[in-house]
**Student:** 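First the structure, then my questions, so here it is.
Naming convention: chains lettered A, B, ... in sequence-line order (proteins, then strands); numbering from 1 in each chain.
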Amino acid sequence: MTPEELSLAISACLKDAVAAGEIELSASAVPDEVRVERPKNREHGDWATNIALQLSKQAGTNPREFATILSARLKSIDGVSAVDIAGPGFLNITVDAAAAGALAKAIVEAGREYGTTTTLAGHVVNMEFVSANPTGPLHIGHTRWAALGDAIARVLRASGAEVTAEYYINDAGSQMNVFANSVYSRLHGQPVPDGGYPGQYIADLGHDVLTQHPDIRELTEVAALPVIRAAAYKAQMKDIKDTLADFGVAFDVYFSEQELHDAGAIENAVARLREQGHVFDDGGAVWLRTTDFGDDKDRVMIRANGEPTYFAADAAYYLSKKDRGFTEKIYLLGADHHGYINRLKAIAACAGDDPEANIEVLIGQLVSVNGAKLSKRAGNIIELKDLISWLGKDAVRYSLARFPADSPLTLDPDLLKKHSNENPVFYVQYAHARSRGTARNAVAAGVDRSAFDASLLDHATENELLSYLGSYPSIVAKAAELREPHRVARHLEVIAGAYHRWYDACRVAPQGDEAVTDVNRTRLWLNDATSQVLANGLDLLGVSAPERM
RNA sequence: GCGCCCAUAGCUCAGCUGGAUAGAGCGUCUGUCUACGGAACAGAAGGCCGGGGGUUCGAAUCCCUCUGGGCGCACCA
């Protein structure tokens with residue numbers, strides 16, 4: 001019995017009680033699923049619900065009386081062995097071992113599908129993240145969004161959503177000229193101009209350009225710059241894509257801002273928004289009246305000099321997403337961009353969309369290193385490439401994915417550089433490796449999965465492990481709904497802990513020359529079910545599940 | 001000045017949107033140890049959940065306020 005099945009059954013009992021007139025409630029007040037949770041205290045049964053406390057007031061009765069009526073019906077649920085009323089009106093439910101244990105077999109049979117749901121079926125999502133400017137390598141500041149955004153995309157897909165992961169390349173602005181100028185200067189052995197890009201990588205890019213265009217230094221500045229700009233951009237973009245690939249992050253679409261300009265999408269966007277009645281002219285500039293939709297001030301789209309603003313490109317880009325059929329556009333931005341939320345939402349509203357439903361801006365706090373913010377001047381910029389080579393992809397991804405985006409994160413570079421066991425990723429990965437090792441040993445000792453008797457999984461540690469495996473799908477669904485993949489990571493740590501305790505208490509393989517029994521065979525099912533859940537969960541975080549460590 | 005985010009164990013952080021005695025990892029201390037790989041397990045110490053009010057059966061969680069941090073307020077990109 002899974003917690004989902006139990007919660008559905010409880011809801012059915014509630015509806016029956018209402019229909020029978022035992023409880024006075026309107027039908028709409030009865031939830032379709034009654035949340036059950038795992039009590040911290042083992043004496044409080046396997047599952048507990050506070051539904052009586054929540055609904056008794058509406059029902060015009062007191063919680064304990066409500067609980068008493070409901071518990072009489074809950075006892076008749078197949079697989080429920082006891083129902084107790086505790087404290088102010090908690091219902092503590094105990095499930096018999098056979099009903100709980102059946103889950104082990106179900107998980108193994110579901111395989112990679114276990115944990116996937118259809119809770120977000122029908123959602124067509126555009127998930128934009130990273131979108132780092134192509135003027136330099138990815139660094140630790142981008143790493144959080146890469147790890148988080150990719151995990152969110154995976155969790156959404158696991159919940160049935162259709163997700164396109166997208167990277168917006170800001171390849172149009174004046175920054176690209178600054179970028180080209182910087183490379184040009186380094187090519188000629190000159191210091192980069194004021195406001196240019198410092199850093200060794202600029203010189204390295206210069207070398208790249210030089211190998212492709214050996215005579216580049218002979219050209220005049222005017223002739224050389226466009227060539228440099230194109231070649232350096234290409235090389236830098238390749239570097240970014242390679243790094244992301246090493247990090248296990250795959251984008252479905254790399255979207256070029258320049259192509260928006262070239263296709264006339266900016267003018268088109270202005271015209272469309274004007275049609276909607278939200279564009280006005282003032283002081284020679286063209287404005288979008290974003291204040292109609294909660295922005296602090298109206299935004300310029302076309303400057304008085306005729307040049308479009310970055311904001312205009314944003315609007316055109318939004319319309320592109322809309323035209324491509326995405327009902328939900330998710331933006332993952334750093335906290336330094338939180339001022340964009342209102343104007344992005346206003347764009348959606350001006351385009352005739354519902355800013356509540358069709359656009360979602362997720363803001364993540366910036367990563368700091370030893371309390372200092374990251375800056376080129378402070379010299380504490382750490383490239384993603386370096387992080388991966390120091391720690392490995394798995395440790396980096398896991399340690400960033402196990403925290404919610406809105407928690408400020410402080411990293412210690414010394415700790416980062418040493419490959420330490422302090423990272424819980426090893427705890428989880430080890431649990432997986434250990435379960436695989438256990439299976440290998442069991443098979444070698446003649447244990448197979450030819451028999452399964454769920455009632456034999458009656459040890460306290462088995463009860464605990466089964467309950468955590470059982471709540472895994474709802475954790476994934478919750479993670480998708482809230483865009484919080486860290487919930488999956490935390491739950492994996494809980495499962496790993498329960499597995500290690502079970503491992504210590506219950507052997508799978510027979511000891512010495514003992515005969516193989518159904519206890520061994522049934523435990524192998526549970527062992528393999530745990531491997532499966534850990535592997536499925538780690539995959540959602542983009543972390544590997546090793547057979548050996 | 002206005003706005004958004006944050007404050008929980010010595011450190012890094014969870015806390016399932018209001019539930020039972022606030023948790024984990026690391027660090028410190030003590031055990032398990034002829035072992036299906038110990039990267040493990042059991043236990044101890046460590047907390048006025050930043051301060052103060054409020055809401056109710058019940059608050060780390062919701063509301064108000066103060067304090068202390070981070071970030072943002074362009075015809076830049």
Side-chain angles (χ1 to χ4, degrees), chain A residues 35 37-41 43-44 48-50 53-54 56-57 62-63 86-90 92 133 135 170 172-176 178 257 282-287 296-297 299-311 313 334-342 363-366 368 371 373 399 402-412 415 420-424 426-427 429-431 433-435 437-442 444-445 447 471 474-475 478-479 482 484 486-487 489-491 493-494 496-497 499-511 520 523 527 548-549:
Chain A
R35 204 175 86 205
E37 51 185 34
R38 183 76 183 171
K40 276 165 266 178
N41 190 332
E43 290 166 16
H44 293 154
T49 176
N50 59 359
L53 289 131
Q54 289 179 347
S56 64
K57 185 173 277 183
N62 70 64
F90 292 104
N92 295 332
N133 287 348
T135 53
N170 295 128
S174 56
Q175 63 195 329
M176 292 307 292
V178 174
E257 181 192 353
D282 185 48
V286 179
W287 299 70
D296 321 332
K297 54 191 76 169
R299 305 288 165 181
V300 170
M301 297 190 79
I302 309 291
R303 301 185 185 94
N305 66 10
E307 287 295 311
T309 60
Y310 183 79
F311 174 75
D336 54 341
H337 284 69
H338 77 253
Y340 287 48
I341 299 176
N342 285 340
I363 295 297
Q365 295 299 305
L366 270 32
S368 64
K373 55 186 172 181
S399 52
R402 73 186 290 264
F403 301 115
D406 57 8
S407 76
L409 206 54
T410 304
L411 298 178
D412 179 346
L415 216 61
S420 86
N421 291 338
E422 289 171 31
N423 192 326
F426 300 116
Y427 184 74
Q429 286 188 314
Y430 176 61
R434 187 180 228 188
S435 70
T438 298
R440 286 192 296 270
N441 278 324
V447 180
S471 43
S474 65
I475 297 284
K478 197 76 176 173
L482 300 176
E484 291 182 345
H486 77 276
R487 290 169 189 274
R490 299 290 171 159
H491 194 64
E493 291 167 27
V494 169
Y499 177 79
H500 287 309
R501 282 187 289 279
W502 175 65
Y503 175 92
D504 270 12
C506 300
R507 291 181 57 93
V508 175
Q511 199 157 19
N520 305 110
R523 284 177 179 171
N527 181 76
R548 296 182 163 80
M549 288 180 74

**Student:** Provide, to the nearest angstrom, the distance between the CD1 atom belonging to Ile341(A) and the C1' atom belonging to C5(B).
**Tutor:**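 After rounding, the gap between these two atoms is 9 Å.
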**Student:** For the C1' atoms, the ones on U61(B) and on A14(B), what distance do you get once it is rounded to whole angstrom?
**Tutor:** 13 Å
**Student:** Spell out, as yes or no, whether a donor-acceptor pair under 3.5 Å connects the side chain of Arg523(A) to the backbone of Cys506(A).
**Tutor:**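 Looks like no, no N/O pair under 3.5 Å.
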**Student:** U21(B) and U8(B): how far apart are their P atoms, nearest whole angstrom?
**Tutor:**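 My reading of the P atoms in U21(B) and U8(B) gives 23 Å.
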**Student:** Do Asn520(A) and Val508(A) have side-chain heavy atoms sitting under 4.5 Å apart?
**Tutor:** no
**Student:** Using the C1' atom on both, measure A9(B) against C5(B) and round to a whole Å.
**Tutor:**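 24 Å, rounded to whole Å.
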**Student:** If the cut-off is 4.0 Å, is Tyr310(A) near the phosphate of C75(B), judged by side-chain N/O to OP1 or OP2?
**Tutor:**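 Looking at the OP1 and OP2 atoms of C75(B), neither is under 4.0 Å from any side-chain N or O of Tyr310(A).
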**Student:** With nearest nucleotide decided by heavy atoms, which residue, Phe403(A) or Phe90(A), maps closer to the 5′ end of RNA chain B?
**Tutor:** Phe403(A)
**Student:** Whole-Å distance between G31(B) C1' and Asp504(A) CG?
**Tutor:** 14 Å
**Student:** Would you mind telling me which of C76(B), A42(B), C16(B) lies closest to the side-chain atoms of Arg501(A)?
**Tutor:** A42(B)
**Student:** Contact class for Pro63(A) (heavy atom, under 4.0 Å): base, sugar-phosphate, or nothing?
**Tutor:**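 Result for Pro63(A) = nothing.
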**Student:** Please report the distance, rounded to the nearest Å, between CD in Gln365(A) and C1' in C4(B).
**Tutor:** 9 Å
**Student:** OP1 or OP2 of G38(B) sitting under 4.0 Å from any side-chain N/O of Arg434(A)?
**Tutor:**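 Arg434(A) to G38(B) OP1/OP2: side-chain N or O found under 4.0 Å.
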**Student:** Any donor-acceptor pair under 3.5 Å linking the side chain of Ser407(A) with the backbone of Phe403(A)?
**Tutor:** no
**Student:** Return yes if some donor-acceptor pair links the side-chain N/O of Asn305(A) with the main-chain N/O of Glu307(A) below 3.5 Å, else return no.
**Tutor:**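 Confirmed, Asn305(A) side chain pairs with Glu307(A) backbone.
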**Student:** Provide, to the nearest angstrom, the distance between the CD atom belonging to Glu307(A) and the P atom belonging to A74(B).
**Tutor:** 21 Å
**Student:** Do Asn527(A) and Tyr503(A) have side-chain heavy atoms sitting under 4.5 Å apart?
**Tutor:** no
**Student:** Give the nucleotide from the list U17(B), C75(B), A77(B) with an atom nearest to the side chain of Leu482(A).
**Tutor:**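 Of the options given, the side chain of Leu482(A) lies nearest U17(B).
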**Student:** Once you round it to whole Å, what is the distance between C1' of G15(B) and CZ of Arg402(A)?
**Tutor:**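 Going from Arg402(A) (CZ) to G15(B) (C1'), I get 13 Å.
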**Student:** Main chain of Pro308(A), side chain of Arg303(A): is a donor-acceptor contact present, judged purely on distance under 3.5 Å?
**Tutor:**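 Looks like yes, one N/O pair under 3.5 Å.
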**Student:** Measure from the side-chain N and O atoms of His500(A) to the backbone N and O of Gly497(A), and report whether any donor-acceptor pair falls under 3.5 Å.
**Tutor:**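 Checked: no pair found.
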**Student:** Nearest to the His338(A) side chain among C41(B), G38(B), C71(B), which nucleotide is it?
**Tutor:**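 Closest of the options to the side chain of His338(A): C71(B).
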**Student:** With sugar-phosphate meaning primed atoms plus P, OP1 and OP2, does Glu493(A) contact a base, only sugar-phosphate, or nothing at under 4.0 Å between heavy atoms?
**Tutor:** nothing
**Student:** Indicate yes or no for a side-chain donor-acceptor contact from Trp287(A) to the backbone of Met301(A) under 3.5 Å, with no hydrogens or angles considered.
**Tutor:**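 Absent.
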**Student:** When you measure from the side-chain N and O atoms of Ser407(A) to the phosphate of A14(B), is any distance below 4.0 Å, counting only OP1 and OP2?
**Tutor:** yes
**Student:** If you only use heavy atoms from C-beta on, which nucleotide in G37(B), C75(B), G15(B) is closest to the side chain of Arg440(A)?
**Tutor:** G37(B)
**Student:** Which listed nucleotide (C57(B), A77(B), C41(B)) is nearest to the side chain of Ser174(A)?
**Tutor:**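 Among C57(B), A77(B), C41(B), the one nearest the side chain of Ser174(A) is A77(B).
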**Student:** Work out how far the P atom of C63(B) is from that of G3(B), and round it to whole angstrom.
**Tutor:**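 Taking atom P in both C63(B) and G3(B), they lie 15 Å apart.
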**Student:** Please determine if a side-chain N or O atom of Arg507(A) lies less than 4.0 Å away from the OP1 or OP2 oxygen of A35(B).
**Tutor:**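 Answer is no, no contact under 4.0 Å.
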**Student:** State whether Arg548(A) places a side-chain N or O below 4.0 Å from either non-bridging phosphate oxygen (OP1 or OP2) of A39(B).
**Tutor:**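 Arg548(A) to A39(B) OP1/OP2: no side-chain N or O under 4.0 Å.
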**Student:** Would you mind telling me which of C41(B), A74(B), G38(B) lies closest to the side-chain atoms of Lys297(A)?
**Tutor:**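 Shortest atom-to-atom distance from the side chain points to A74(B).
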**Student:** Check whether the side chain of Asn92(A) and the base of A20(B) form a donor-acceptor pair under 3.5 Å.
**Tutor:**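 Side chain to base: pair present.
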**Student:** Taking only the side-chain nitrogens and oxygens of Tyr427(A), find out if one of them lies under 4.0 Å from OP1 or OP2 of C41(B).
**Tutor:** yes
**Student:** For the pair made of NE2 in His500(A) and C1' in G43(B), what is the distance, rounded to whole Å?
**Tutor:** 18 Å
**Student:** Of Met176(A) and Asp406(A), whose closest RNA chain B nucleotide lies nearer the 5' terminus?
**Tutor:** Asp406(A)
**Student:** Looking at the side chain of Arg487(A), which of C16(B), A14(B), G19(B) is the nearest nucleotide?
**Tutor:** C16(B)
**Student:** Expressed as a whole number of Å, how far does the P atom of C6(B) sit from that of G18(B)?
**Tutor:**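 These two P atoms come out 15 Å apart once rounded.
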**Student:** Check whether any side-chain N or O of His486(A) sits under 4.0 Å from OP1 or OP2 of G15(B), and answer yes or no.
**Tutor:** yes
**Student:** Counting only side-chain heavy atoms from C-beta out, which of G37(B), A40(B), C16(B) sits nearest to Lys478(A)?
**Tutor:**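 Closest nucleotide among those given: C16(B).
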**Student:** Measuring only the P atom in each nucleotide, how far is G54(B) from G72(B)? A whole number of Å is fine.
**Tutor:**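 About 38 Å, rounded to a whole number of Å.
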**Student:** Side chains of Thr309(A) and Arg299(A): does their closest heavy-atom pair fall under 4.5 Å?
**Tutor:** no
**Student:** Give Gly89(A) one of three labels, base, sugar-phosphate or nothing, depending on what nucleic acid heavy atoms sit under 4.0 Å from its own.
**Tutor:**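 Result for Gly89(A) = nothing.
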**Student:** What dot-bracket string describes RNA chain B from 5' to 3', counting Watson-Crick and G-U wobble pairs whose defining distances are under 3.5 Å, with [ ] for crossing pairs and | for pairs to another strand?
**Tutor:** (((((.(..((((.....[...)))).(((((.......))))).....(((((..]....)))))).)))))....
**Student:** Where does U34(B) fall, syn or anti, if syn means a chi angle no more than 90° from 0?
**Tutor:** anti
**Student:** Of the candidate nucleotides G38(B), A20(B), C76(B), which contains the atom at the shortest distance from the side chain of Ala48(A)?
**Tutor:** A20(B)
**Student:** The side chain of Ala304(A) is closest to which nucleotide in this list: A20(B), A40(B), C75(B)?
**Tutor:**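 The listed nucleotide nearest to Ala304(A)'s side chain is C75(B).
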**Student:** Determine: side-chain N/O of Tyr503(A) to OP1/OP2 of G38(B), distance under 4.0 Å, yes or no.
**Tutor:** yes
**Student:** In whole angstrom, give the distance that lies between atom NE2 of His337(A) and atom C1' of G3(B).
**Tutor:**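 About 17 Å, once rounded to whole Å.
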**Student:** Taking atom types as modelled, is there a side-chain donor on Gln175(A) or Asn133(A) under 3.5 Å from an acceptor on the other?
**Tutor:** yes
